[in-house]
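Take a look at the structure below.
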Amino acid sequence: MNKNEKFVITINRELGSGGRTVGQKLAEKLGVQFYDKAVIKGLQEKYHLTVEEIEKLKGRRHDWWAEFKYQLLNPSAKSTNLYLPRTDHEAQQPDTDAVFKAETEILNGIIADESCVVAGRSGFYIFRNHPNCLSILIQASIPFRIERLMRKQHLTEEEARDTIDKIDNMRENYVKKYTGTSRYDTRNYNLVITADHKSEDEIVDLILKYIG
């Protein structure tokens with residue numbers, strides 16, 4: 001990956017490995033935006049960004065994401081070229097297939113306009129053909145993950161273990177459904193890091209050294 005050109009770094013992580021924090025810190029170090037499920041879902045829900053609405057935006061302007069982001073950062077700015085938030089609540093809740101397609105369109109719009117770090121969202125698959133993409137998997141042992149979840153979310157050991165099992169299965173099923181591969185297949189990544197005995201800052205430093 002060449003950090004002097006427009007790039008995207010994808011971080012897939014196991015729950016309790018600290019991968020989301022690593023992504024945030026890495027983006028800050030590189031001076032780029034960090035995007036995860038919360039951000040993408042927020043965009044979809046606030047602006048009703050279905051695939052159809054995104055296609056309308058793309059049809060109006062080639063640089064639709066740049067214009068859209070400007071509107072997000074400058075809510076008082078007036079523009080007749082952008083799709084404005086809908087005020088009605090009659091739209092049906094989109095199914096998971098539609099959500100995945102919309103997420104993919106949003107992410108592709110993002111990377112066409114800027115360098116960024118993306119956590120989850122099957123980024124390793126969506127950007128697999130991107131010419132300047134680095135895909136990272138951050139994993140950890142079960143004891144490490146349980147201990148971290150107990151500490152961060154104030155769970156009992158049993159609650160932490162149950163949560164890990166549930167989220168692991170959910171994420172694996174999601175990835176398999178939409179990518180046809182396993183999130184644990186290391187061939188999907190350029191770099192695999194085990195978080196045990198490392199702080200988030202140490203992992204960030206490892207990634208930065210790898211990038212060079």
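Given the structure is predicted, the values throughout are model-derived calculations rather than measurements.
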Listed by chain and number, what are the side-chain hydrogen bond (donor to acceptor under 3.5 Å, both in side chains) partners of [X], not counting sequence neighbours?
X: Ser135; answer: Thr10
X: Thr156; answer: Glu159
X: Lys25; answer: Asp201
X: Ser141; answer: Asp196

Sequence-distant partners of Lys176, side-chain contact (heavy atoms from CB on, under 4.5 Å), two or more places apart:
Glu172, Ser182

Please name all residues satisfying side-chain contact (heavy atoms from CB on, under 4.5 Å) with Gln153, sequence neighbours left out, ordered by chain then number.
Leu149, Leu155

Do Ile9 and Met1 pass the side-chain contact (heavy atoms from CB on, under 4.5 Å) test, and can you show the C-alpha distance, the side-chain angles, and the key distance before you say yes or no?
CA-CA 9 Å; Ile9 297 175; Met1 191 199 86; 3.6 Å; yes

Salt bridge (Lys or Arg N to Asp or Glu O under 4.0 Å): pairs with one or both residues in residues 124-133, sequence neighbours excluded:
none

Could you name each residue pair satisfying salt bridge (Lys or Arg N to Asp or Glu O under 4.0 Å) that touches residues 2-19, not counting sequence neighbours?
Glu14-Arg145

Under the salt bridge (Lys or Arg N to Asp or Glu O under 4.0 Å) test, which residues partner Asp162, sequence neighbours left out?
none

For side-chain contact (heavy atoms from CB on, under 4.5 Å), just list the numbers for Ile126 and Tyr178, CA-CA rounded to whole Å, side-chain angles, deciding distance to a tenth of an Å, and then say yes or no.
CA-CA 10 Å; Ile126 293 171; Tyr178 292 109; over 6 Å; no

Sequence neighbours excluded, every pair satisfying ring-ring contact (aromatic ring centres under 6.0 Å, His included) that has a member inside residues 127-165
none

Considering only distance and modelled atom types, tabulate donor-acceptor pairs under 3.5 Å from the side chains of residues 204-212, sequence neighbours left out.
unit_1, atom_1, unit_2, atom_2, d
Tyr210, OH, Asn190, O, 3.4

Between Asp36 and Ala119, is there a donor-acceptor pair closer than 3.5 Å when you use the side chain of the first and the backbone of the second?
no

Output, in order, the C-alpha distance, side-chain angles, deciding distance and verdict of side-chain contact (heavy atoms from CB on, under 4.5 Å) for Ile111 and Leu107.
CA-CA 6 Å; Ile111 66 164; Leu107 288 171; 5.7 Å; no

Please identify each residue that fulfils ring pair (Phe, Tyr, Trp, His ring centres under 6.0 Å) with Tyr189, with sequence neighbours left out.
Phe124

Begin from the C-alpha positions of Glu28 and Gln24 and carry the test side-chain contact (heavy atoms from CB on, under 4.5 Å) through to its verdict.
CA-CA 6 Å; Glu28 184 177 348; Gln24 290 175 314; over 6 Å; no

Sidechain N-carboxylate O distance under 4.0 Å for Glu200, Arg148
yes

